[in-house]
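Inspection log for the structure reproduced underneath, given as structure tokens.
All values below were derived from every heavy atom in this structure, side-chain atoms included, with hydrogens, water molecules and symmetry-related copies excluded.
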Amino acid sequence: GLDGVRHAEPGEFTRRAFLNGKVDLVETEALADLVNAETEAQRRFAVQNAEGVQSALYLGWRRRLIHARAMIEAEIDFADEDDVPGSVSDTVWSDVRAMVGEIDRHIAGFHAAEIIRDGFEVVILGAPNAGKSSLFNALARRDAAIVTDEPGTTRDLLEVTLDLGGLRVRLTDTAGLREAPGKVEAIGIEKARAKAGRADLLLLLEDILSPGDVGLLPGSASMLRVGTKLDLLDQRGAREAEARYDLVISVVNGVGVEALLTEIGRRAADAAGKIGDILPSRLRHVELLGEANHHLRRATGDGVAGQELRAEELRLAADRLGRIVGAIDVEDMLDVIFGQFCIGK
């Protein structure tokens with residue numbers, strides 16, 4: 001090889017761009033996401049953050065806090081000067097309270113970001129022989145689950161990832177839920193219930209002709225009740241079934257399967273929010289945003305003594321916001337103060 005030339009280390013070009021101030025931490029993380037993007041939604045989300053949309057939001061909040069703190073400190077230091085208005089602090093604290101609400105709403109968007117990045121979780125539940133594995137295979141379009149007529153064949157959770165309308169959807173097939181199962185099967189049922197408790201959407205499958213009792217279901221996620229084996233019914237029976245279920249399907253002749261996929265895709269899109277929403281893309285961001293809001297709540301709380309302590313809480317909050325993007329440089333307090341007032345003219 002050439003003298004002084006070597007292969008780049010993993011992430012080295014991005015690291016150099018960060019160290020040279022070309023990209024910030026959030027943009028660096030977004031570039032990693034962009035490299036790993038598998039779906040259109042993941043790609044768009046990463047591009048938006050790599051372009052600095054998320055960073056701009058955090059830096060905007062941080063600027064507002066530095067400004068707020070400058071105003072409060074000016075009020076403390078120059079209380080006897082004529083050109084520092086006395087009601088400044090009222091305006092400042094109402095803006096800080098508004099910011100607490102803005103940050104809370106932003107934090108609440110983290111689940112939507114997780115859905116874009118990791119996938120919308122769909123879990124198929126139902127009694128043994130409700131047709132779960134057959135549907136799973138039809139949706140996966142490959143034989144990913146064993147299908148037999150013997151009850152209780154799926155002991156372990158089987159998962160497949162679909163791309164629906166550019167969104168990643170993770171579909172899990174579970175053990176049939178029934179009373180008094182065997183020992184090994186009981187483990188599968190326990191896993192199924194645990195997984196269902198964390199799902200974004202449950203598909204509760206029922207054999208239209210012989211619905212089995214599945215016992216108590218987790219109440220948190222939204223659920224679609226799906227009647228299966230529609231091909232075994234006559235027209236009148238099919239009409240009655242349509243009234244009883246959210247959707248009726250037959251895996252044998254494919255009736256209703258596209259409609260089910262469309263509905264899952266629609267719900268995933270709802271949960272992921274509008275393209276272009278600014279969302280926190282990492283748990284790291286959410287934790288630091290939470291810490292920032294903790295300090296802001298202390299600053300605006302009733303029991304806090306003295307403007308100095310409240311100003312210090314603002315400093316700590318601004319510091320947390322700075323850590324998200326990696327901007328923990330010298331704060332521009334004096335610039336703000338001297339730019340605002342004609343003190344020392």
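- For the pair Val160/Phe136, a side-chain contact is recorded, criterion being any heavy-atom separation below 4.5 Å from C-beta on.
- Checked by atom type and distance alone, the side chain of Arg168 pairs as donor or acceptor with a backbone atom of Asp118 at under 3.5 Å.
- Trp93 CH2 to Leu296 CG: the interatomic distance, rounded to the nearest 0.5 Å, is 8.5 Å.
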side-chain contact (heavy atoms from CB on, under 4.5 Å) assessment of Ser250 paired with Lys229: CA-CA 5 Å; Ser250 163; Lys229 310 189 184 179; over 6 Å; no
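- Here the shortest heavy-atom pairing between Ala68 and Val96 reads CB-CG2, 4.2 Å.
- The hydrophobic clustering, which links ILVMFWY residues whose side-chain heavy atoms are closer than 4.5 Å, places Leu209 and Val248 together.
- In this structure, Thr228 contributes its side chain and Ala130 its backbone to a donor-acceptor pair below 3.5 Å.
- Minimum heavy-atom separation, Leu279 to Ala272: CD1-O, 4.3 Å.
- Of all non-hydrogen atoms in Lys132 and Leu125, the two that sit nearest each other are CD-C, 3.5 Å.
- For the pair His67 and Arg64, the minimum side-chain heavy-atom distance is 4.5 Å or more.
- Here the side chain of Asp246 pairs no donor or acceptor atom with the backbone of Val226 at under 3.5 angstrom.
- Formation of a donor-acceptor pair under 3.5 Å by the Arg117 side chain with backbone atoms of Ser281 is found in this model.
- The line from CG of Leu65 to CD1 of Ile72 is 11.5 Å long, rounded to the nearest 0.5 Å.
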Verdict with reasoning, Asp207 to Ser210, per side chain to side chain donor-acceptor pair (under 3.5 Å): CA-CA 5 Å; Asp207 179 341; Ser210 60; 3.3 Å; yes
Residues Glu263, Arg266; criterion salt bridge (Lys or Arg N to Asp or Glu O under 4.0 Å); working and verdict: CA-CA 5 Å; Glu263 180 58 20; Arg266 190 186 69 73; 2.8 Å; yes
Steps toward salt bridge (Lys or Arg N to Asp or Glu O under 4.0 Å) verdict (Arg323, Asp319): CA-CA 6 Å; Arg323 286 182 193 194; Asp319 167 76; 3.0 Å; yes
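- Under a 4.0 Å N-O distance rule, the pair Arg69/Glu73 qualifies as a salt bridge.
- Considering every non-hydrogen atom in both Ala199 and Leu202, the closest pair reads CB-CD2, 3.7 Å.
- Neither side chain, Thr39 nor Asp163, offers a donor N or O lying under 3.5 Å from an acceptor on the other.
- Between His111 and Phe120, the ring center distance fails the sub-6.0 Å criterion.
- Within the 3.5 Å criterion, the main-chain N or O of Ala299 finds a donor-acceptor partner in the side chain of Arg310.
- Checked against Gln54 for a side-chain hydrogen bond (donor to acceptor under 3.5 Å, both in side chains), the options His285, Arg282, Glu27 give a single hit: His285.
- If you run side-chain contact (heavy atoms from CB on, under 4.5 Å) between Ile324 and each of Leu57, Val286, Val26, only Val26 comes through.
- Taking both residues in full, the closest heavy atoms of Arg320 and Leu288 are given as CB-O, 3.7 Å, listed atom of the first, atom of the second, then distance.
- Residues Leu261 and Leu205 share a hydrophobic cluster, clusters being chains of Ile/Leu/Val/Met/Phe/Trp/Tyr side chains in contact below 4.5 Å.
- Side-chain contact between Arg63 and Tyr58: absent, with no pair of heavy atoms (C-beta onward) separated by less than 4.5 Å.
- Proximity of a side-chain donor or acceptor of Asn36 to a complementary backbone N or O of Ala32 within less than 3.5 Å is detected.
- A donor and an acceptor atom, one from each side chain of Asp104 and Asn293, are located under 3.5 Å apart.
- Between the CZ atom in Arg297 and the CD1 atom in Ile103 there is a gap of 9.0 Å [rounded to 0.5 Å].
- In the hydrophobic clustering of this structure, Val325 groups with Ile107; members are Ile, Leu, Val, Met, Phe, Trp, Tyr whose side-chain heavy atoms approach within less than 4.5 Å, directly or through other members.
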Verdict with reasoning, Glu102 to Arg97, per salt bridge (Lys or Arg N to Asp or Glu O under 4.0 Å): CA-CA 9 Å; Glu102 290 167 37; Arg97 281 190 193 92; over 6 Å; no
Derivation of the side-chain contact (heavy atoms from CB on, under 4.5 Å) call for Leu289 and Leu321: CA-CA 7 Å; Leu289 288 162; Leu321 291 171; 3.8 Å; yes
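- Using a 4.5 Å heavy-atom cutoff, the side chains of Leu316 and Glu313 are in contact.
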Trace of the side-chain contact (heavy atoms from CB on, under 4.5 Å) decision for Leu224 with Leu247: CA-CA 8 Å; Leu224 277 176; Leu247 288 155; 4.3 Å; yes
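- Between the side chains of Ser134 and Asn137, no donor-acceptor pair of N or O atoms lies under 3.5 Å.
- Distance CD1/Ile66 to CG/Leu314: 10.5 Å, rounded to 0.5 Å.
- In terms of heavy-atom proximity, Gly119 sits nearest to Arg170 at CA-CD, 4.4 Å.
- Between the side chain of Asp200 and the main chain of Glu121, a donor-acceptor pair closer than 3.5 Å is present.
- With a 4.5 Å cut-off on side-chain heavy atoms, Val169 and Thr161 do not count as touching.
- Interatomic distance, CG of Leu203 versus CG of Leu135, reported as 7.0 Å (0.5 Å rounding).
- Contact of the Val255 side chain with the Ile249 side chain is not registered, since no non-hydrogen atoms from C-beta on lie closer than 4.5 Å.
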Residues Glu240, Arg244; criterion salt bridge (Lys or Arg N to Asp or Glu O under 4.0 Å); working and verdict: CA-CA 7 Å; Glu240 285 173 4; Arg244 286 209 314 275; 5.1 Å; no
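- Put simply, CD on Gln235 and CZ on Arg239 are 6.0 Å apart, with the number rounded to the nearest 0.5 Å.
- Put simply, the side chain of Gln48 never gets that close to the backbone of Arg44: no donor and acceptor are under 3.5 Å apart.
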Evaluation steps, side-chain contact (heavy atoms from CB on, under 4.5 Å), between Val123 and Leu201: CA-CA 7 Å; Val123 173; Leu201 175 65; over 6 Å; no
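- Ile124 and Val257 fall within the same hydrophobic cluster, defined by Ile, Leu, Val, Met, Phe, Trp and Tyr side-chain heavy atoms under 4.5 Å apart, directly or through other members.
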